[in-house]
Every structure is written in C-alpha cells, then in structure tokens.
Q: 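I have a structure I would like to understand better, so I am pasting it below and will then ask my questions one at a time.
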Amino acid sequence: MPIANPTYEKAYSDQRFWRKATRHASAAGRQALEKALWLYYAVQNPGTPKWARRVIYGALGYFVLPLDAIPDLAPLVGYTDDLSVMTAALATVAFYINDDVKLQASNKLQAWFGAPASATPRRAG
C-alpha cells in the first residue's frame with residue numbers, strides 16, 4: 001500500500017506540495033485538491049499524532065510525485081490513483097480532519113476556484 005511506503009514519506013515537502021497543488025489545480029480538480037488540503041492542514045495541526053502524520057506524509061508524498069501507478073499527466077485518469085490513496089489515508093486519520101481543517105481547505109479552494117456551484121445563490125426568475 002503506497003501510504004506505508006517510506007519512499008513516499010521522504011518525497012513529501014511543503015514546497016513540493018504547494019508547487020504541485022498550485023500548478024496542477026485545474027487538472028487535479030476540486031475533489032482531489034480538497035482531499036489533499038484536508039491532509040495538508042491536518043498534518044500542520046500540532047494535535048495530530050506522529051502515527052497519523054506518517055500516514056498523511058505517505059499519502060501527500062504519493063500526491064507530489066508525478067510518476068506513480070497512473071502518471072498525473074494522463075488525461076482524465078491521471079489523478080484517480082492519487083485520490084484513492086488520499087481517500088484511504090483520510091479514512092485512517094478521519095478523527096484529525098476536524099472543522100478547522102475543513103474550513104482552511106475550503107478557504108483555499110475558494111481562493112483558487114471561487115465558490116462551489118452548490119454555494120452560489122440562484123436567482124428567481
């Protein structure tokens with residue numbers, strides 16, 4: 001399982017995360033970036049224990065490496081494996097994905113993509 005692989009943990013750095021997230025935001029899509037940001041902000045929280053940080057660093061390391069099970073440059077499917085790995089990590093560390101983490105991620109996504117379509121008020125007419 002990629003999450004437990006020390007290679008992916010070592011591949012992670014804040015700089016690599018932000019470079020990948022900002023350069024590939026539209027290609028990765030809002031859903032994948034939301035999961036990545038949840039993990040990123042959870043690992044920044046001092047209350048997240050060491051074992052959970054290792055899981056998160058493994059998943060984020062997998063996200064930042066361009067050559068993985070499905071290369072990120074592949075149209076439409078390039079980020080599906082990244083999303084799967086991040087989803088598995090989120091299931092493992094779900095307790096540490098609190099409202100503050102989700103708010104930080106939501107604010108960053110809104111800065112990048114604008115308000116989600118479901119949050120946009122509709123006009124009567």
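For clarity, every value in this text was computed on a predicted model and none was experimentally measured.
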Q: For S13, check side chain to side chain contact (heavy atoms under 4.5 Å, CB included) against everything at least two apart and list the hits.
A: Q15, R16
Q: Could you pull out all residues at least two apart from D14 that satisfy side chain to side chain donor-acceptor pair (under 3.5 Å)?
A: Y12
Q: Within this structure, what is the CG-CD distance for the pair N98 and Q104, rounded to the nearest 0.5 Å?
A: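 N98 atom CG to Q104 atom CD measures 8.5 Å (nearest 0.5 Å).
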Q: Partners of V43 by side chain to side chain contact (heavy atoms under 4.5 Å, CB included), sequence neighbours excluded?
A: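 With neighbours one apart ignored, the set is R53, I56, Y57.
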Q: So which atom in I97 and which in W38 form the shortest heavy-atom distance, rounded to 0.1 Å?
A: CD1-O, 3.8 Å
Q: Does the side chain of L83 reach to within under 4.5 Å of the side chain of F63, using non-hydrogen atoms?
A: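 In short, these two side chains do not touch, never coming nearer than 4.5 Å.
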Q: According to ring pair (Phe, Tyr, Trp, His ring centres under 6.0 Å), who are the partners of Y41, at least two apart in sequence or on a separate chain?
A: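 Counting only residues at least two positions away or on another chain, Y41 forms no ring pair (Phe, Tyr, Trp, His ring centres under 6.0 Å).
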Q: What residues, two or more places apart in sequence or in another chain, satisfy side chain to side chain contact (heavy atoms under 4.5 Å, CB included) together with A52?
A: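 A52 satisfies side chain to side chain contact (heavy atoms under 4.5 Å, CB included) with T48, P49, V93, Y96 only.
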Q: Using 0.5 Å steps for rounding, measure from the CD atom of E34 to the CG atom of L90.
A: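 The CG atom of L90 is 9.0 Å from CD of E34, to the nearest 0.5 Å.
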Q: How many angstroms lie between atom CE of M86 and atom CG of L60, to the nearest 0.5 angstrom?
A: 7.5 Å
Q: Would you please name every residue forming a side chain to side chain contact (heavy atoms under 4.5 Å, CB included) with N107, sequence neighbours left out?
A: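 For N107, the residues satisfying side chain to side chain contact (heavy atoms under 4.5 Å, CB included) (neighbours in sequence not counted) are L103.
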